[in-house]
Protein chains: 2
Amino acid sequence: MIDFKELLKEHGIPPSLQRIKILEYLHDFNTHPTADVIYQALMNEMPTLSKTTVYNTLKAFAEKGVIVELSLFENEVRYEYNTTPHIHFKCIKCNIIYDISESFECLKNKEIEGHKVLEHHIYLKGICKNCRDSEE
Amino acid sequence: MIDFKELLKEHGIPPSLQRIKILEYLHDFNTHPTADVIYQALMNEMPTLSKTTVYNTLKAFAEKGVIVELSLFENEVRYEYNTTPHIHFKCIKCNIIYDISESFECLKNKEIEGHKVLEHHIYLKGICKNCRDSEE
DNA sequence: TTTCATACTTGTAACGATTACAAAATTGTA
DNA sequence: TACAATTTTGTAATCGTTACAAGTATGAAA
């Protein structure tokens with residue numbers, strides 16, 4: 001059982017109920033939700049929750065490195081709890097986004113054509129294992 | 001001198017003046033403009049041009065493979081004329097987006113954790129050659 | 001060349017994700 | 001307990017994009 005209150009403090013974020021709940025959601029569901037998905041999910045529990053709070057909180061979390069902000073291919077920002085290096089795979093059939101632990105650390109701090117690489121984002125598209133299996 | 005009219009026909013797109021001008025722009029400036037940037041640029045020449053036309057045209061071009069649609073990290077769609085395999089590097093200082101010809105064809109049709117990879121998109125961030133040089 | 005159906009373009013209105021902002025509520029601390 | 005600072009809230013605004021309907025242009029058939 002993770003102490004999310006402590007986790008937030010360690011990152012210099014004063015833990016409020018809203019912040020704890022949002023972080024808890026990101027941890028428990030470990031998917032790649034949008035701000036709106038999180039907002040909808042927490043509405044039951046916290047009827048007065050404001051969408052603005054969700055947006056502000058997620059942005060703050062990402063800035064402090066508590067979570068990761070993703071811009072995949074649908075023109076909406078998504079967030080995830082998993083901050084370890086990994087890449088993303090999106091299935092074009094079922095639209096599920098998978099984390100792939102394969103890392104490309106070789107790219108880190110590499111120099112390409114004189115440019116210094118600080119971050120790399122890799123996004124794969126294709127057909128996932130499940131969809132391939134059920135195709136047969 | 002490229003015959004853009006012919007190029008469009010070859011891709012099954014009836015060439016109108018608007019379409020030719022938009023394609024010409026993408027070719028001549030070979031950057032990664034948004035629909036709005038293209039719209040602003042062509043306004044002088046074609047005062048009656050509609051933004052809807054620009055959006056529709058770009059989407060059609062991308063579907064037929066005349067150009068490439070990019071979703072980089074700013075939550076707006078960008079387009080480019082360069083359809084050859086390459087990756088993108090964005091400088092965090094000057095915000096310029098560079099094409100890097102280094103390709104990762106090794107990823108093509110690869111199988112990762114049972115998933116079949118059909119497309120891969122690689123996006124690097126860092127400090128570009130120019131900005132590094134001028135830092136000294 | 002004229003006619004006409006089809007396809008293209010235009011402009012406005014609407015949409016969805018996100019942000020700005022000010023007021024209300026909460027918090028930690030003195 | 002009191003108060004200043006921070007957080008949350010709700011509404012309105014913004015920005016990129018799309019829907020839609022009306023107007024315009026096009027190209028093939030007569």
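The basis for the numbers below is simple: all heavy atoms, side chains too, and nothing from hydrogens, waters or symmetry mates.
- Classification of B:E111 and A:R132 as a salt-bridged pair holds, one side-chain N sitting under 4.0 Å from a carboxylate O.
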Listed pairs under 3.5 Å, donor-acceptor, residues 7-16 of chain B side chains, sequence neighbours left out:
from  : atom 1 : to    : atom 2 : distance (Å)
B:H11 : ND1    : B:L7  : O      : 3.0
B:S16 : OG     : B:R19 : N      : 3.3

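- Heavy-atom minimum distance, A:E113 versus B:D99: OE1-O, 4.1 Å.
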| Could you run down nucleotides 3-19 of chain D 5' to 3' and tag each one B, S or - for protein heavy-atom contact under 4.0 Å? | ----SSBBB----SBBB

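- Atom CG of B:L8 is separated from atom C1' of C:dA7 by 15 Å (rounded to the nearest Å).
- Between A:Y39 atom OH and C:dT18 atom P the separation is 14 Å, expressed in whole Å.
- Distance A:E69 CD to C:dA17 P: 16 Å, rounded to the nearest Å.
- Two residues are said to be in side-chain contact when any heavy atoms from C-beta on lie closer than 4.5 Å; A:H120 and B:Y123 fail this criterion.
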Show me the donor-acceptor pairs within less than 3.5 Å that the side chains of residues 50-61 of chain B make with the rest of the protein, sequence neighbours left out.
from  : atom 1 : to    : atom 2 : distance (Å)
B:S50 : OG     : B:T52 : N      : 3.1
B:K51 : NZ     : B:D36 : OD1    : 2.7
B:N56 : ND2    : B:T52 : O      : 3.4
B:T57 : OG1    : B:T53 : O      : 2.6

